[in-house]
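Shown next, in structure tokens, is the structure this report addresses.
Because the structure is predicted, anything quoted here is derived from the model rather than measured.
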Amino acid sequence: MVPWRNWGWGLTDLWLVGIGTGNPDHVTIEGQRALREAAVVLIPRKGAAKEDLAELRHEILRASGSGARVIHFDMPVRDPKLPYAERVDRWHDEIAERWVAALRDAPEGPVALLVWGDPGLYDSTLRIAARLTPAPRVRVVPGITALQALTSAHAIPFNTVNGPVMVTTGRRLRDHGWPEGADTVVVMLDGECSFQSLDPQGIDIWWGGFLGMKEQVLEAGPLAETGPKIVATRAEARARHGWIMDTYLMRR
């Protein structure tokens, strides 16, 4: 647990506002209202290569008419020498500590964090908030997810009729293969294009990078033909921007 009371400051209300996947129009009316009513907005800095992510958050604040005080904090880096679970656990501890340090001289009132996508899906902000003690009142404002942005961009349904969907990671796809019983598999934040580990026979794939942003790139088709295109497109886009967030859906 990370005690904020030691700083002589009391965090009573923490608002986690889903902001979609890069299009300011994705922020809901409820989200815009929350940003206008917040006293403070915390914005992470993730290094020079990702300055556009911080600028997008500022653009969203301007569009919402927010007058909140903006406080930045530097995101820590995961220790690659540690086992994966321990690496993530310690990283979350450090992020919570940096929240507290950044908010030491903050004015009283609700503190908002702009969360990419939705705070409840493939995001750890809720787990980081749970490290604070005493626990603040947490409010979650839902946002459009990468899954919604992907299926909308390709104009496809999320699921087959009465068919199960598995949302998983590239790591699990590489280690365990196609999830048993799933018609549709969605993979989030896969930096290694783990679909390459599958037998492509009979699999179609829909992939998208920078979903919702003006830089959006899409590829779709049979995995055997489209997989190599995705690898090349992803590498080129990442080299051009210095980073990439992408998602893909596969279906048998």
Side-chain angles (χ1 to χ4, degrees), residues 1-7 9 11 14-22 40-58 70-104 106 111-143 145-147 167-176 186-194 209-211 234 238 241-247:
M1 293 294 183
V2 180
W4 45 254
R5 188 168 284 169
N6 290 351
W7 296 97
W9 164 83
L11 171 59
L14 181 63
W15 295 353
L16 309 182
V17 182
I19 59 170
T21 61
V40 176
V41 173
L42 266 180
I43 293 183
R45 288 185 294 231
K46 300 184 178 183
K50 297 184 178 180
E51 285 182 353
D52 47 349
L53 289 177
E55 176 52 35
L56 179 62
R57 286 175 164 87
H58 284 283
V70 175
I71 298 177
H72 295 88
F73 70 97
D74 293 318
M75 283 289 286
V77 178
R78 301 184 201 184
D79 185 347
K81 299 187 298 295
L82 295 174
Y84 181 76
E86 183 181 357
R87 181 192 322 164
V88 173
D89 193 53
R90 291 195 183 186
W91 183 54
H92 289 169
D93 284 342
E94 178 63 23
I95 294 172
E97 290 172 1
R98 294 195 183 195
W99 287 1
V100 171
L103 292 168
R104 179 169 46 188
V111 174
L113 277 155
L114 283 67
V115 179
W116 205 260
D118 183 274
L121 180 62
Y122 268 69
D123 182 83
S124 291
T125 311
L126 280 165
R127 283 183 281 271
I128 297 166
R131 284 163 157 75
L132 301 174
T133 181
R137 291 187 295 266
V138 176
R139 172 190 177 191
V140 174
V141 179
T145 68
L147 305 183
V167 181
T168 188
T169 65
R171 179 187 300 271
R172 294 192 65 84
L173 196 69
R174 294 191 304 274
D175 291 347
H176 305 288
V186 180
V187 182
M188 310 281 287
L189 301 175
D190 177 15
E192 300 189 30
C193 295
S194 300
F210 303 106
L211 290 163
R234 188 185 192 281
R238 191 179 191 283
H241 297 285
W243 63 277
I244 188 170
M245 286 194 289
D246 57 334
T247 302

Donor-acceptor pair, [X] side chain versus [Y] backbone, under 3.5 Å?
X	Y	result
W91	P76	yes
T247	A146	no
R87	L82	yes
D118	G143	yes
T169	R172	yes

Do [X] and [Y] have side-chain heavy atoms sitting under 4.5 Å apart?
X	Y	result
R131	W99	no
V77	E94	no
V41	L114	yes
V138	V140	yes
L147	V186	yes
L132	V100	yes
R139	V141	yes
I43	E55	no

Hey, what do you get for [atom1] ([X]) to [atom2] ([Y]), rounding to the nearest 0.5 Å?
X	Y	atom1	atom2	result
H92	S124	NE2	OG	3.5 Å
C193	L173	SG	CG	11.5 Å
L126	L121	CG	CG	11.5 Å
I95	R78	CD1	CZ	8.0 Å
R98	D93	CZ	CG	12.5 Å
F210	H241	CZ	NE2	4.0 Å

Nearest heavy-atom pair of [X] and [Y]: which atoms, and what distance?
X	Y	answer
S194	G170	OG-O, 3.2 Å
R234	G191	NH2-CA, 3.5 Å
L14	A129	CD2-CB, 3.7 Å
M75	P44	CG-CB, 3.6 Å

Practice item. Assess the pair W116 and Y122: is the distance between their ring centroids shorter than 6.0 Å? Key: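 That pair fails the under 6.0 Å test.
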Exercise for review: Starting from the C-alpha separation in whole Å, work towards a yes-or-no answer on side chain to side chain contact (heavy atoms under 4.5 Å, CB included) for M245 and W243.
Suggested key: CA-CA 7 Å; M245 286 194 289; W243 63 277; 4.0 Å; yes
Check your understanding: When you measure from the centre of the six-membered ring of F73, is the NZ or CZ of R45 under 6.0 Å away and within 45° of the axis?
Key -> no
Practice item. Start with the C-alpha distance between V40 and L103, add both sets of side-chain angles, then the distance that settles side chain to side chain contact (heavy atoms under 4.5 Å, CB included), and finish with yes or no. Key: CA-CA 9 Å; V40 176; L103 292 168; 3.8 Å; yes
Revision key, fill the gap. Those residues at least two apart in sequence (or on a different chain) that pass side chain to side chain donor-acceptor pair (under 3.5 Å) with R57 are none
Review point. Listed by chain and number, what are the side chain to side chain donor-acceptor pair (under 3.5 Å) partners of T125, not counting sequence neighbours?
Key: D123
